[in-house]
K.L.:
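Pasting in a structure now, in structure tokens, and then I'll have a few things to ask.
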Amino acid sequence: MARRSRTTTSVPAPGRLSRLRRALGRWYRANGRHDLPWRLTRDPYAVLVSEVMLQQTQVERVRPRYEAWLGRWPTAASLAEAPAAAVIREWSGLGYNRRAVNLQRAAREALERFGRIPVNETKLLSLPGVGPYTAAAVACFAGGRRTAALDTNVARVVGRALLGEARARAPYGSELREAAEAWLPARGARAHQLAVMDLGATVCKASSPDCGVCPLARGCAWLAAGRPAPHVAVPKGEAAPFEATARFARGRIVAMLAEGSPQSADAIAARLPEEHRVACEHYLEALARDGIVALREGRWGLAEDV
């Protein structure tokens, strides 16, 4: 099968990048989500907390939880000293409880090695649970570093507007990253990146982009090409409902243990939907490997509760 060609194969010229950058900046000043609490701080710890919470979780769900978290643990040192069980309880309901465990581990390790949460990408990448996007985001949003933080919204806007891509698929390739970095201004990379994120979240959306109000419409390569549809592979079968997944069952287990005292595996299994009961021991063992739960004297509880 012949390889499908792309609308364009190179980073746009500097003049075009500059025009798009100016249009984006005007739009952001008038329409950006400037009131988000994590945008009102340059504290690397607070920014790291927000970025970890925002992974696969909607902004409006994160906002109250972020504020409550910082009200309880306002510094990396206070989080590092907290009981792991308390951290997991505070996180309960945000999903992927391993993120809470890694966030605390990252705070402890950063304090031990650097004395603070760093804003250097290489140092950030060396911390537990911190990947390329999170490292770049903290470096840019807290440290003002000129680096491209490619989340799904940024990748989609860069792919469409600059490269004519219908959909930018992760892991994002070198050409997309090159384009994103070329688009960054010499100064003000933080505001620019936040503007691209907001445009992707509110206008240049995945399934229903509103090109009629987009500030980049006049220079968008994807729009100029007629908004070509992405090449989508035909799925082999329907995805299982979320309630049937191990992730759902593990979340239920953590939520019930966060409610009270440690319980036996049988008692925990009895409170799970029937289809998950036989695998309850496997879920508990997996949670234990992640440092979220522990077993003591035949009872399972949140780490440090048993």
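Remember, predicted model here, so these are calculated numbers, not experimental data.
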K.L.:
Report yes if the side chains of R39 and D198 come closer than 4.5 Å at any heavy-atom pair, otherwise no.
P.N.:
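Result yes, sub-4.5 Å side-chain heavy-atom pair found.
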K.L.:
Is there a donor-acceptor contact under 3.5 Å from the side chain of R65 to the main chain of S92?
P.N.:
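Flag set: sc R65 to bb S92 pair under 3.5 Å.
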K.L.:
Do you see a donor-acceptor pair shorter than 3.5 Å between the side chains of R156 and T152?
P.N.:
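No, T152 and R156 have no side-chain donor paired with an acceptor closer than 3.5 Å.
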K.L.:
Check whether any side-chain heavy atom of P118 lies under 4.5 Å from a side-chain heavy atom of L127, and answer yes or no.
P.N.:
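Heavy-atom side-chain distance check passes, below 4.5 Å.
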K.L.:
List the atom of L199, the atom of P215, and the distance in Å for their closest heavy-atom pair.
P.N.:
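Minimum heavy-atom contact is CD1-CD, 3.5 Å.
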K.L.:
Is there a donor-acceptor pair under 3.5 Å between the side chain of R99 and the backbone N or O of L94?
P.N.:
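It does hold such a pair.
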K.L.:
Taking only residues two or more places apart in sequence or in another chain, which ones pass salt bridge (charged side-chain N to carboxylate O under 4.0 Å, His left out) with E112?
P.N.:
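Residues passing salt bridge (charged side-chain N to carboxylate O under 4.0 Å, His left out) with E112: none at all.
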K.L.:
Can you tell me how far the CE atom of M53 sits from the CH2 atom of W69, to the nearest 0.5 Å?
P.N.:
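CH2 of W69 is found 5.5 Å from CE of M53.
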K.L.:
Starting from the C-alpha separation in whole Å, work towards a yes-or-no answer on side chain to side chain contact (heavy atoms under 4.5 Å, CB included) for I268 and L257.
P.N.:
CA-CA 9 Å; I268 294 169; L257 292 179; 4.0 Å; yes
K.L.:
Do side-chain atoms of R250 reach the backbone of L287 as a donor and acceptor pair under 3.5 angstrom?
P.N.:
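The answer is no, because no donor-acceptor pair under 3.5 Å joins these two groups.
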K.L.:
I'd like to check V154 versus D151 (side-chain heavy atoms, cut-off strictly below 4.5 Å). Are they in contact?
P.N.:
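Sidechains of D151 and V154: in contact.
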K.L.:
L184, V157: one ILVMFWY side-chain cluster at the under-4.5 Å cut-off?
P.N.:
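Result: no, two separate clusters.
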K.L.:
When hydrophobic residues are tied together by side-chain contacts of less than 4.5 Å, even through go-betweens, does L36 share a cluster with V49?
P.N.:
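Shared cluster, yes.
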K.L.:
Less than 4.5 Å apart, side chain to side chain, heavy atoms only: is that true for L124 and I117?
P.N.:
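Heavy-atom side-chain distance check passes, below 4.5 Å.
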K.L.:
Just how far is it from atom CG of D35 to atom CZ of R63, taken to the nearest 0.5 Å?
P.N.:
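Answer for the CG-CZ pair, D35 versus R63, is 5.0 Å.
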K.L.:
Is the side chain of E51 donor-acceptor paired with the backbone N or O of V138 at a distance under 3.5 Å, no angle test?
P.N.:
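The answer is no, because no donor-acceptor pair under 3.5 Å joins these two groups.
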K.L.:
Fit a plane to each ring of W38 and Y66, take the angle between them on a 0 to 90° scale, and name the class: parallel (under 30°), tilted (30 to 60°) or perpendicular (over 60°).
P.N.:
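Answer is perpendicular, since the angle exceeds 60°.
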K.L.:
Quick check on the hydrophobic clustering: are L272 and L295 connected, directly or via other members, by side-chain heavy-atom contacts under 4.5 Å?
P.N.:
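Yes, one cluster joins them.
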K.L.:
Would you confirm whether R146, through its side chain, and E181, through its main-chain N or O, come within 3.5 Å as a donor-acceptor pair?
P.N.:
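It does hold such a pair.
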K.L.:
Quick check on the 6.0 Å ring-centre criterion: do Y28 and H192 meet it?
P.N.:
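Y28 vs H192: aromatic centres not under 6.0 Å.
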K.L.:
With sequence neighbours excluded, give me every salt bridge (Lys or Arg N to Asp or Glu O under 4.0 Å) pair touching residues 199-226.
P.N.:
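For residues 199-226: none.
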K.L.:
In terms of side-chain heavy atoms, does Q55 have a donor or acceptor partner in Y133 at a distance below 3.5 Å?
P.N.:
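Per modelled atom types, Q55 and Y133 side chains form no pair under 3.5 Å.
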K.L.:
Decide, yes or no, whether a salt bridge links R145 with E121 under the criterion of side-chain N to carboxylate O below 4.0 Å.
P.N.:
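A salt bridge is absent here (no side-chain N lies under 4.0 Å from a carboxylate O).
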K.L.:
Report yes if the side chains of V101 and D290 come closer than 4.5 Å at any heavy-atom pair, otherwise no.
P.N.:
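A side-chain contact under 4.5 Å is absent here.
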K.L.:
Got a sec: does the CZ of R105 have more than 12 other heavy atoms crowding it under 6.0 Å?
P.N.:
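Yes, because the 6.0 Å sphere around CZ of R105 holds more than 12 heavy atoms from other groups.
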K.L.:
Contact between S50 and F141 at the side-chain level, heavy atoms closer than 4.5 Å - yes or no?
P.N.:
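Result no, sub-4.5 Å side-chain heavy-atom pair not found.
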K.L.:
Would you say L125 ends up clustered with V52 if hydrophobic residues are merged whenever their side chains have heavy atoms under 4.5 Å apart, either directly or through other cluster members?
P.N.:
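They do not share one cluster, since no chain of ILVMFWY contacts under 4.5 Å joins V52 to L125.
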K.L.:
Would a distance-only check, ignoring hydrogens and angles, find a side-chain to backbone donor-acceptor pair under 3.5 Å from R160 to C220?
P.N.:
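No; zero donor-acceptor contacts below 3.5 Å.
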K.L.:
Are W91 and L103 side-chain neighbours, meaning at least one heavy-atom pair lies under 4.5 Å?
P.N.:
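W91 reaches L103 side chain to side chain.
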K.L.:
Do the side chains of N31 and T202 get nearer than 4.5 Å, heavy atoms only?
P.N.:
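Result no, sub-4.5 Å side-chain heavy-atom pair not found.
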K.L.:
Go through W27 and V203 one step at a time and tell me if the side chain to side chain contact (heavy atoms under 4.5 Å, CB included) criterion holds.
P.N.:
CA-CA 11 Å; W27 176 88; V203 176; 3.9 Å; yes
K.L.:
Roughly how far, to the nearest 0.5 Å, is CG of L194 from CZ of R33?
P.N.:
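Those atoms lie 9.0 Å apart.
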K.L.:
Is it the case that the side chains of S126 and R113 hold a donor-acceptor pair, with the cut-off being a distance below 3.5 Å and no angle test?
P.N.:
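There is such a pair (donor and acceptor under 3.5 Å, judged by atom type) between the side chains of R113 and S126.
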K.L.:
Assigning hydrophobic clusters by single linkage (Ile, Leu, Val, Met, Phe, Trp, Tyr; side-chain heavy-atom cutoff under 4.5 Å), is Y96 placed with M256?
P.N.:
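No, Y96 does not connect to M256 through the hydrophobic network.
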K.L.:
Would you say that more than 12 heavy atoms from the other residues, nucleotides or ligands in this model lie under 6.0 Å from the CZ of R190, or not?
P.N.:
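Yes, the 6.0 Å shell around CZ holds more than 12 heavy atoms from other groups.
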K.L.:
In Å, rounded to the nearest 0.5 Å, how long is the span from CH2 of W73 to OH of Y45?
P.N.:
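Those atoms lie 8.0 Å apart.
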K.L.:
The test is side chain to side chain contact (heavy atoms under 4.5 Å, CB included); show your working for R271 and Q263 and say whether it passes.
P.N.:
CA-CA 11 Å; R271 295 180 60 186; Q263 303 176 46; 3.5 Å; yes
K.L.:
Take N102 and R98, measure what side chain to side chain contact (heavy atoms under 4.5 Å, CB included) needs, and give me the verdict at the end.
P.N.:
CA-CA 6 Å; N102 282 336; R98 186 186 306 175; 3.7 Å; yes
K.L.:
Between the side chain of R89 and the main-chain N/O of A258, is any donor-acceptor distance below 3.5 Å?
P.N.:
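Side chain of R89 to backbone of A258, a donor-acceptor pair under 3.5 Å: yes, one is there.
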